[in-house]
A.B. asks: 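Sharing a structure, written as structure tokens. Questions coming.
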Amino acid sequence: KMAVLTFLLLSAAVATAASASTPPNILYLMADDMRSELNTYGHDFMITPNLDQLAATGLQFDFASTQFAYCAPSRNSFLSGRRPDRTGCLNFKHKFRDFHPNWVTMPQYFKNHGYFTSSAGKIFHDGMDDPVSWSYPSNQTKWIHCQDGDDIEPNGNYCGVTNQSTVPYTDEELAINEGLKRMDLAAQSGKPWWVSIGMHRPHTEYRVPDGFYGPQVYPHGDNDVIKAPKHPYPATAVPFMSSNCHDGDINDPAHGCPDCVIPSNRSVEYRRWYLAALTYSDHMLGKALQKLKDMGQENNTIVVFHSDHGYQLGELNEWSKKTDTELAVHVPLIVRVPWKDQAIGKRTTVKAELIDLYRTLADLSGVGQGDIEPDVQGTSLSPVFDNPASPPSTLADKASFSQIGRCNCGFMPEYNVTQCDANACASVPLALFNYMGYTMRNHAFRYTAWFPFDNTTMQADWNTVAGQELYDLTNFDGRDFDFDGFASNVAKAPAYKDTVASMHATLKKTAMTWPEP
């Protein structure tokens, strides 16, 4: 018996050592335009069982943020590990390799360290894939919009797949099938692996299959959980360039200016279908999580989930991302590291930024940061996983930063108001930008400064402040999307004078270091 016990103990020791010496896999999951309106983030009515379970076995970041609330600039940023001002990608006109052809991306870094790497769905922005990042070709599956035969909402914002649809499936089905295929290939490679799988939904249009129609998931009736926004008008005393009321993602005849508010009966339905599309993405991502379990590789795989940016569903009259508001910038971020027992099922208030993921995953995987290019920005969050409730002060006190551009600003006689059109920035040369807004978020406040955009240097004119915003978020728990403090810009209030001065100085000093070193 003693000999048998000794053999078993030795076998366990060998297995543990082998596991410790084998680099872990990384399953990198994403959704598009998904705000953190998940059950695990305190929205109890939401049906998001798969991401909830991931959070229950991982570490949930309650205050994570993107660095640019627009799809392509955000993805160019965190996948390269550089802030948008360093990538030079402030819209959809360029990808980072147009300016920096030799940079090593986050997945490419792991490929260079012997990993099998591949991707399915939307990881890099559509049409901006990066073949050098993958050891096995990716598949940016086709984005399927509302089609003939779909049950389409009159304004074209959402639709349901029917048995009459000319395309009887969703692009999420394509993405997950290609993703699961790559998980199998990764396991067969005999190497540690990185597989990324990205969903398009809940991006507009909200195209979902039968069973996930808005009213099927979140029914009408006396117990309807979908409500109209509490603050449907812009925040008080905001500079005109702060909003994107002229142009959002929702097509509605009532939308178009700060005082042009979509009626609540329609806004509730847009919300209902957005949230149903979010639930559908959770359902599809759950297939990847189940696949990982079926493969028997849960215990040696880091799982990452996040969105590219947040979203606004009528709050402050915004129906999009494309702003520097809390809801546009705030993203869900959940990371499961099975051997980090202290982080299992925990939450942290550390102000994580998506560009932190590059250095964080290098550390958590054991690959290390030794040969990461020195101009990769961000901070490793790996120490948070050892003590989420009390991380090192450098991380506990860490602020987060983001930015957004403004174009086509001026007086619009049809609305009798001066405003900008954020969508006008999408594919124009930077010389046509009018303003750049930079935001700093600490534990108590969100501060934004708007600077004229210098069309000669292609950078902010740091010597001229065109507008300022300050929001007191002292009592914001990260969960109330109708938080009253979002609706009140207190930048000009005497009581906050010192806070504005201090945060402005820090923001300016920090942001001026972001372009090329």
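Quantities reported herein were computed from a predicted structural model and do not represent experimental measurements.
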A.B. asks: For residues Ser80 and Tyr358, determine if any side-chain heavy atom of one lies less than 4.5 Å from a side-chain heavy atom of the other.
C.D. replies: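 Side-chain contact under 4.5 Å: no.
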A.B. asks: Using the side-chain hydrogen bond (donor to acceptor under 3.5 Å, both in side chains) criterion, which residues pair with Lys227? Sequence neighbours excluded.
C.D. replies: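 If we apply the side-chain hydrogen bond (donor to acceptor under 3.5 Å, both in side chains) test to Lys227, skipping adjacent residues, there are no hits.
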A.B. asks: Go through the structure and list residues passing side-chain hydrogen bond (donor to acceptor under 3.5 Å, both in side chains) with Thr48, not counting sequence neighbours.
C.D. replies: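 Thr48: side-chain hydrogen bond (donor to acceptor under 3.5 Å, both in side chains) contacts with Asp52.
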A.B. asks: As a quick check of understanding, evaluate side chain to side chain donor-acceptor pair (under 3.5 Å) for Asp210 and Gln216, giving each step before the final call.
C.D. replies: CA-CA 8 Å; Asp210 192 6; Gln216 292 174 330; 2.7 Å; yes
A.B. asks: Evaluate the side-chain proximity of Thr279 to Met46: yes if any heavy-atom separation is below 4.5 Å, no if none is.
C.D. replies: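 Met46 reaches Thr279 side chain to side chain.
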A.B. asks: Mind listing the closest non-hydrogen atom pair of Ile144 and Asp171 along with its distance?
C.D. replies: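 Distance-wise, the nearest heavy atoms are N-OD2, 2.8 Å.
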A.B. asks: Mind checking what makes ring-ring contact (aromatic ring centres under 6.0 Å, His included) contact with His200, not counting sequence neighbours?
C.D. replies: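 For His200, the residues satisfying ring-ring contact (aromatic ring centres under 6.0 Å, His included) (neighbours in sequence not counted) are Trp143.
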A.B. asks: Any donor and acceptor pair, going by atom type alone, linking the side chain of Thr166 with main-chain N or O of Asp148 inside 3.5 Å?
C.D. replies: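 Yes: the side chain of Thr166 pairs with the backbone of Asp148.
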A.B. asks: Do the side chain of Thr325 and the main chain of Ala328 share a donor and acceptor less than 3.5 angstrom apart?
C.D. replies: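 Here the side-chain-to-backbone pair exists.
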A.B. asks: With sequence neighbours excluded, give me every disulfide (SG to SG under 2.5 Å) pair touching residues 126-218.
C.D. replies: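 Matches after skipping sequence neighbours: Cys146-Cys159.
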A.B. asks: Just by modelled atom types, is the Tyr206 backbone N or O under 3.5 Å from a matching donor or acceptor in the Thr204 side chain?
C.D. replies: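 Absent.
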A.B. asks: Are side-chain N/O atoms of Asn50 and Asp282 paired as donor and acceptor at under 3.5 Å?
C.D. replies: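 A pair is found: one side chain offers a donor N or O, the other an acceptor, under 3.5 Å apart.
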A.B. asks: Dump the intermediate steps for side chain to side chain contact (heavy atoms under 4.5 Å, CB included) on Tyr274 and Arg35, then the final yes or no.
C.D. replies: CA-CA 10 Å; Tyr274 170 93; Arg35 64 192 203 164; 3.6 Å; yes
A.B. asks: Can Arg272 and Glu269 be counted as an ion pair, charged N to O under 4.0 angstrom?
C.D. replies: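 Salt bridge flag = yes for Glu269 with Arg272.
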A.B. asks: State, yes or no, whether a side-chain contact exists between Ser380 and Leu364 at a heavy-atom distance under 4.5 Å.
C.D. replies: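 Ser380 does not reach Leu364 side chain to side chain.
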A.B. asks: Should Thr162 and Tyr213 count as side-chain neighbours, where that means a heavy-atom distance under 4.5 Å?
C.D. replies: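 Side-chain contact under 4.5 Å: yes.
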A.B. asks: Determine whether a donor-acceptor pair (N or O, by modelled atom type, separation under 3.5 Å) exists between the side chain of Asp252 and the backbone of Ile262.
C.D. replies: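 Pair absent, no side-chain N/O of Asp252 close to backbone of Ile262.
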A.B. asks: So which heavy atom on Ile197 is nearest to which on Leu285, and how close?
C.D. replies: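 Minimum heavy-atom separation between Ile197 and Leu285: O-CD2, 4.4 Å.
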A.B. asks: Are the side chain of Glu318 and the backbone of Asn244 linked by a donor-acceptor contact shorter than 3.5 Å?
C.D. replies: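 Checked: pair present.
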A.B. asks: Which residues pass the side-chain hydrogen bond (donor to acceptor under 3.5 Å, both in side chains) test with Glu373, sequence neighbours left out?
C.D. replies: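 Glu373 satisfies side-chain hydrogen bond (donor to acceptor under 3.5 Å, both in side chains) with Arg82 only.
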A.B. asks: Not counting sequence neighbours, which residues clear side-chain contact (heavy atoms from CB on, under 4.5 Å) with Lys346? List them please.
C.D. replies: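 Scan of Lys346 (side-chain contact (heavy atoms from CB on, under 4.5 Å), adjacent residues dropped) gives Leu59, Pro388.
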A.B. asks: Pairs in or reaching into residues 38-48: which pass salt bridge (Lys or Arg N to Asp or Glu O under 4.0 Å), with residues at least two apart or in two chains?
C.D. replies: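 Every candidate salt bridge (Lys or Arg N to Asp or Glu O under 4.0 Å) pair involving residues 38-48 fails, so no pair, neighbours aside, qualifies.
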A.B. asks: Using only heavy-atom distances, determine whether the side chains of Trp273 and Glu153 contain a donor-acceptor pair under 3.5 Å.
C.D. replies: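 Not at all, the side chains of Trp273 and Glu153 share no donor-acceptor pair under 3.5 Å.
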A.B. asks: Looking at every heavy atom in both Ser118 and Pro137, which two are closest together, and how far apart are they?
C.D. replies: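 Minimum heavy-atom contact is OG-O, 3.2 Å.
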A.B. asks: Under 3.5 Å, is there a donor-acceptor pair between the side chain of Arg97 and the main chain of Trp103?
C.D. replies: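 Confirmed, Arg97 side chain pairs with Trp103 backbone.
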A.B. asks: Are any side-chain N or O atoms of Thr360 and backbone N or O atoms of Leu381, one a donor and one an acceptor, separated by less than 3.5 Å?
C.D. replies: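 Between the backbone of Leu381 and the side chain of Thr360 there is a qualifying donor-acceptor contact (under 3.5 Å).
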A.B. asks: Please test Asp371 against Tyr109 for side chain to side chain contact (heavy atoms under 4.5 Å, CB included), starting from the C-alpha separation and ending with a verdict.
C.D. replies: CA-CA 9 Å; Asp371 53 346; Tyr109 183 74; 2.7 Å; yes
A.B. asks: With a 4.0 Å cut-off, would you call Asp130 and Lys95 a salt bridge?
C.D. replies: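 Looking at Lys95 together with Asp130, the answer is no, because their closest N to O distance does not fall below 4.0 Å.
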A.B. asks: Report yes if the side chains of Ser133 and Thr117 come closer than 4.5 Å at any heavy-atom pair, otherwise no.
C.D. replies: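 Ser133 does not reach Thr117 side chain to side chain.
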A.B. asks: For the residue pair Gln188 / Asp184, report whether a side-chain donor-acceptor contact shorter than 3.5 Å exists.
C.D. replies: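 Side-chain D/A pair, Asp184 to Gln188: absent.
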A.B. asks: Of all residues at least two apart in sequence or in a different chain, which pass the ring-ring contact (aromatic ring centres under 6.0 Å, His included) check with Phe212?
C.D. replies: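 Only Tyr280, His283 meet the ring-ring contact (aromatic ring centres under 6.0 Å, His included) criterion with Phe212.
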A.B. asks: With no hydrogens and no angle check, is any side-chain donor or acceptor of Gln140 less than 3.5 Å from a backbone partner on His125?
C.D. replies: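 Yes, Gln140 side chain to His125 backbone: donor-acceptor pair under 3.5 Å.
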A.B. asks: Quickly, which of His203, Gln312, Lys321 forms a side-chain hydrogen bond (donor to acceptor under 3.5 Å, both in side chains) with Asp249? Name it, please.
C.D. replies: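 Single side-chain hydrogen bond (donor to acceptor under 3.5 Å, both in side chains) partner of Asp249 among His203, Gln312, Lys321: Lys321.
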A.B. asks: Do the side chains of Thr439 and Val329 get nearer than 4.5 Å, heavy atoms only?
C.D. replies: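 A side-chain contact under 4.5 Å is absent here.
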A.B. asks: May I ask you to check whether Ser74 and Thr66 show a side-chain donor-acceptor distance below 3.5 Å?
C.D. replies: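 Distance-only check passes for Ser74 and Thr66.
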A.B. asks: Could you check whether the rings of Phe45 and Tyr218 sit parallel, tilted or perpendicular, using 30° and 60° as the cut-offs?
C.D. replies: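 Because their plane-to-plane angle is over 60°, the rings of Phe45 and Tyr218 count as perpendicular.
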A.B. asks: For a quick test of reading the model, state the closest non-hydrogen atom pair linking Tyr70 to Asn423 and the distance between them.
C.D. replies: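 Closest approach of Tyr70 to Asn423: OH-OD1, 3.8 Å.
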A.B. asks: Kindly write out the residues that satisfy ring-ring contact (aromatic ring centres under 6.0 Å, His included) with Tyr28, not counting sequence neighbours, or none if the list is empty.
C.D. replies: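 Tyr28 satisfies ring-ring contact (aromatic ring centres under 6.0 Å, His included) with Trp194, His306 only.
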A.B. asks: Show the nearest heavy-atom pair for residues Ala362 and Ile372, with the distance to one decimal.
C.D. replies: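 Looking at all heavy atoms of both residues, the closest pair is CB-CD1, 3.9 Å.
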A.B. asks: Using atom types as modelled and distance alone, determine if a side-chain donor or acceptor of His43 lies under 3.5 Å from a backbone N or O of Arg479.
C.D. replies: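 Flag set: sc His43 to bb Arg479 pair under 3.5 Å.
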A.B. asks: Given side chains that start at C-beta, do those of Trp134 and Phe124 come closer than 4.5 Å, heavy atoms only?
C.D. replies: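 A side-chain contact under 4.5 Å exists here.
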A.B. asks: Let's go through Lys351 and His443 carefully: what are the C-alpha distance in whole Å and the side-chain angles of both, what is the deciding distance for side chain to side chain donor-acceptor pair (under 3.5 Å) to 0.1 Å, and is it a yes or a no?
C.D. replies: CA-CA 8 Å; Lys351 303 297 182 290; His443 286 301; 2.6 Å; yes
A.B. asks: Apply the test side chain to side chain contact (heavy atoms under 4.5 Å, CB included) to residues Gln67 and Thr87: give CA-CA distance (whole Å), side-chain angles for both, the deciding distance (0.1 Å), then the verdict.
C.D. replies: CA-CA 12 Å; Gln67 278 49 78; Thr87 67; over 6 Å; no
A.B. asks: Could you report the tightest heavy-atom contact between Val217 and Gly211, atom names first, then the distance?
C.D. replies: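 Smallest heavy-atom distance, with atoms named: CG2-O, 3.9 Å.
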A.B. asks: List the residues meeting side-chain hydrogen bond (donor to acceptor under 3.5 Å, both in side chains) with Lys111, not counting sequence neighbours, and say none if there are none.
C.D. replies: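 side-chain hydrogen bond (donor to acceptor under 3.5 Å, both in side chains) check on Lys111 returns nothing, list empty.
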A.B. asks: Once salt bridge (Lys or Arg N to Asp or Glu O under 4.0 Å) is applied, what residue pairs with a partner in residues 56-78 remain, sequence neighbours excluded?
C.D. replies: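 The answer is Asp32-Arg75, Asp62-Arg347, Arg75-Asp308.
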A.B. asks: Treating Gln297 as the side-chain partner and Asn25 as the backbone partner, does any N or O pair qualify as donor plus acceptor under 3.5 Å?
C.D. replies: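 Between the backbone of Asn25 and the side chain of Gln297 there is no qualifying donor-acceptor contact (under 3.5 Å).
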A.B. asks: As a test of understanding, state which of Phe486, Phe481, Tyr471 forms a ring pair (Phe, Tyr, Trp, His ring centres under 6.0 Å) with Phe476.
C.D. replies: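 Going through Phe486, Phe481, Tyr471 one by one, the ring pair (Phe, Tyr, Trp, His ring centres under 6.0 Å) with Phe476 is satisfied by Phe486 alone.
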A.B. asks: Hey, does Ser77 have a side-chain heavy atom less than 4.5 Å from the side chain of Pro84?
C.D. replies: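 A side-chain contact under 4.5 Å exists here.
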A.B. asks: Kindly determine whether Trp319 and Leu313 satisfy side chain to side chain contact (heavy atoms under 4.5 Å, CB included), including the steps that lead there.
C.D. replies: CA-CA 5 Å; Trp319 287 93; Leu313 290 173; 4.2 Å; yes
A.B. asks: Can you confirm whether Asn265 is buried at CG, in the sense that more than 12 heavy atoms of other residues, nucleotides or ligands lie under 6.0 Å from that atom?
C.D. replies: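 Buried by this count: over 12 neighbours within 6.0 Å.
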A.B. asks: Looking at residues at least two apart in the chain, or sitting in another chain, which of them share a ring-ring contact (aromatic ring centres under 6.0 Å, His included) with His231?
C.D. replies: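 For His231 there are no ring-ring contact (aromatic ring centres under 6.0 Å, His included) partners, ignoring immediate neighbours.
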